[in-house]
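Have a look at the structure below before the remarks.
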Amino acid sequence: MITGLDHIAVAVPDLDKAIKRFLEDFGLTYEGTEDVETAKTSTAFFPLKSTSIELVSPLRGEGPIAKYLEKKPGGLHHLCFSTDDIVA
């Protein structure tokens, strides 16, 4: 069963520019970034009360986010839900 919304991922072509916008325009708390080599992404984290927003950008212009951004200028990429039974 789904127990909550873990995070909302937003694909962005320019991570630094997007971080600045989320800080200045939305006043969110910024928790830092992480490069995920296996996914070829850089991710910036903005925690919220019961979930978080993650800005995802291609690492070195490669990977699935890069392919997504070739088709779209950016935007909602995915929602990740929490569950109490991943097998079910």
Side-chain angles (χ1 to χ4, degrees):
M1 173 179 236
I2 292 175
T3 58
L5 178 63
D6 184 75
H7 68 267
I8 300 164
V10 179
V12 297
D14 184 327
L15 189 59
D16 291 332
K17 185 177 177 181
I19 289 169
K20 183 178 177 182
R21 178 159 190 225
F22 272 67
L23 287 170
E24 292 176 0
D25 292 353
F26 305 121
L28 296 177
T29 301
Y30 172 57
E31 200 170 72
T33 61
E34 178 183 351
D35 289 344
V36 183
E37 290 288 340
T38 56
K40 297 182 180 176
T41 62
S42 291
T43 304
F45 302 94
F46 293 87
L48 300 172
K49 187 173 181 177
S50 61
T51 187
S52 68
I53 296 174
E54 297 183 5
L55 303 179
V56 291
S57 187
L59 187 60
R60 295 180 300 279
E62 303 174 326
I65 299 299
K67 290 179 183 174
Y68 176 89
L69 291 171
E70 287 173 6
K71 298 174 189 168
K72 300 180 180 200
L76 179 64
H77 185 261
H78 67 268
L79 303 174
C80 182
F81 295 97
S82 302
T83 180
D84 58 4
D85 187 350
I86 193 71
V87 175

| field | For the student: nearest non-hydrogen atoms of Ala39 and Pro64, plus distance | value | O-CD, 3.7 Å
| message | Ignoring hydrogens, what is the shortest heavy-atom contact between Ser57 and Pro13? Give both atom names and the distance. | response | OG-O, 3.8 Å
| Charged N-O contact under 4.0 Å between Glu62 and Lys67 | no
For residues 77-88, dump all side-chain donor-acceptor pairs below 3.5 Å to protein atoms at least two apart in sequence or in another chain.
from, atom 1, to, atom 2, distance (Å)
His78, NE2, His7, NE2, 3.2
Thr83, OG1, Met1, O, 2.9
Thr83, OG1, Asp85, N, 3.1
Asp84, OD1, Met1, N, 3.1
Asp85, OD1, Val87, N, 3.3
Asp85, OD1, Ala88, N, 3.2

Give every donor-acceptor pair under 3.5 Å between a side-chain atom in residues 14-33 and any protein atom, sequence neighbours left out.
from, atom 1, to, atom 2, distance (Å)
Asp14, OD1, Asp16, N, 3.2
Asp14, OD1, Lys17, N, 3.0
Arg21, NE, Asp25, OD2, 2.8

Tell me which donor-acceptor pairs under 3.5 Å the side chains of residues 42-49 have, and how far apart each pair is, sequence neighbours excluded?
from, atom 1, to, atom 2, distance (Å)
Ser42, OG, Asp35, OD1, 2.6

| said: Determine whether Leu59 and Val36 satisfy the following criterion, side-chain contact (heavy atoms from CB on, under 4.5 Å), listing intermediate values before the conclusion. | reply: CA-CA 8 Å; Leu59 187 60; Val36 183; over 6 Å; no
| Is there a donor-acceptor contact under 3.5 Å from the side chain of Thr41 to the main chain of Val56? | no
| Should Ile8 and Ile2 be counted in the same cluster of Ile, Leu, Val, Met, Phe, Trp and Tyr side chains packed under 4.5 Å apart? | yes
| Quick one: does Ile65's side chain get under 4.5 Å of Lys40's, heavy atoms only? | no
